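Below is one structure, written out as structure tokens; the observations come after it.
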Amino acid sequence: MELKQAATCGTHASSDVYIEVYPDSEVLEINIDSPVKAQFGEAIDQTVREVLADYGLTKGRVQLQDQGALDCTIRARLKTALERGGLR
């Protein structure tokens, strides 16, 4: 599946994550910016990849600006951004 348009979800507040998705890449790009990336970067990446696999997304760009969000928050924000971007 492919994204139809760029979309966002989330905030920059503490314990939240701001996610942007873009259809402008021919490969799957995931960029994570987080103050806890050294400790939880791999877990965040795995969560993002699981959600993207559930939606069948194989190309596009995903940017996360994490502020210490829990796994369930990352999943919810990413799913919303993807649906706003045209995936259902």
Side-chain angles (χ1 to χ4, degrees):
M1 296 193 109
E2 293 183 28
L3 288 167
K4 295 181 176 126
Q5 63 189 17
T8 65
C9 187
T11 70
H12 294 285
S14 181
S15 300
D16 203 354
V17 60
Y18 183 75
I19 298 179
E20 301 168 292
V21 294
Y22 300 95
D24 63 355
S25 178
E26 291 300 316
V27 296
L28 188 57
E29 295 180 42
I30 301 170
N31 301 305
I32 301 169
D33 180 28
S34 174
V36 295
K37 188 173 180 177
Q39 296 135 319
F40 300 108
E42 288 182 28
I44 294 168
D45 185 76
Q46 181 179 350
T47 296
V48 170
R49 289 183 188 278
E50 287 174 5
V51 173
L52 296 177
D54 288 346
Y55 278 81
L57 189 67
T58 58
K59 63 182 184 177
R61 184 166 45 103
V62 180
Q63 307 238 144
L64 288 85
Q65 295 175 14
D66 175 56
Q67 299 300 320
L70 296 174
D71 180 75
C72 58
T73 303
I74 295 169
R75 288 179 185 277
R77 297 292 194 210
L78 181 54
K79 288 178 181 181
T80 301
L82 292 171
E83 291 184 12
R84 288 178 179 171
L87 296 179
R88 300 261 184 246

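Quick caveat, the model's predicted, so the values are computed rather than measured.
Rounded to the nearest 0.5 angstrom, Ile32 CD1 and Gln65 CD are separated by 12.0 Å. Leu87 CG to Leu57 CG: the interatomic distance, rounded to the nearest 0.5 Å, is 5.5 Å. The distance from the CD1 atom of Ile19 to the CG atom of Asp66 is 8.5 Å, given to the nearest 0.5 Å.
When all heavy atoms are compared, the tightest approach of Ala7 to Ala81 is CB-O, 3.3 Å. Taking every heavy atom of both residues into account, Pro23 and Gln5 meet most closely at CD-C, 3.8 Å. The two residues Ile44 and Leu64 have their closest heavy-atom pair at CG2-CD2, 4.1 Å. When all heavy atoms are compared, the tightest approach of Thr73 to Ser15 is CG2-O, 4.4 Å. Scanning both residues, Asp16 and Thr11, for their nearest heavy atoms gives OD2-OG1, 2.6 Å. The shortest heavy-atom contact between Lys4 and Gly86 is NZ-O, 3.5 Å.
The pair Asp45-Arg49 meets the salt-bridge criterion, since a charged nitrogen lies less than 4.0 angstrom from a carboxylate oxygen. Taking a cutoff of 4.0 Å between a charged side-chain nitrogen and a carboxylate oxygen, Lys79 and Asp54 do not qualify as a salt bridge. Using a 4.0 Å cut-off between a side-chain N of Lys or Arg and a carboxylate O of Asp or Glu, Arg61 and Glu20 do not qualify as a salt bridge.
Taking the side chain as every heavy atom from C-beta outward, Glu29 and Tyr22 never approach each other to under 4.5 Å. Between Cys9 and Arg77, some side-chain heavy-atom pair lies under the 4.5 Å cut-off. Thr58 has its side chain out of reach of Leu28: every pair of non-hydrogen atoms, C-beta onward, lies at least 4.5 Å apart. Proximity of Leu70 to Ile74: side-chain heavy atoms (C-beta onward) are nowhere separated by under 4.5 Å.
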For this session: Might you work through the side chain to side chain donor-acceptor pair (under 3.5 Å) test for Asn31 and Gln63, ending with a clear yes or no?
Result: CA-CA 5 Å; Asn31 301 305; Gln63 307 238 144; 3.0 Å; yes
For this session: Determine, stepwise, if the pair Leu3 / Asp24 fulfils side-chain contact (heavy atoms from CB on, under 4.5 Å).
Result: CA-CA 9 Å; Leu3 288 167; Asp24 63 355; over 6 Å; no
For this session: Could you walk me through whether Lys37 and Asp33 pass the salt bridge (Lys or Arg N to Asp or Glu O under 4.0 Å) test, one step at a time?
Result: CA-CA 7 Å; Lys37 188 173 180 177; Asp33 180 28; over 6 Å; no
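Distance alone, capped at 3.5 Å, is enough to place a donor-acceptor pair between the Arg84 side chain and the Thr8 backbone.
Side-chain N/O atoms of Gln67 and Tyr18 include no donor and acceptor closer than 3.5 Å. For the 3.5 Å distance criterion, the side chains of Gln46 and Glu42 fail to qualify, holding no donor opposite an acceptor.
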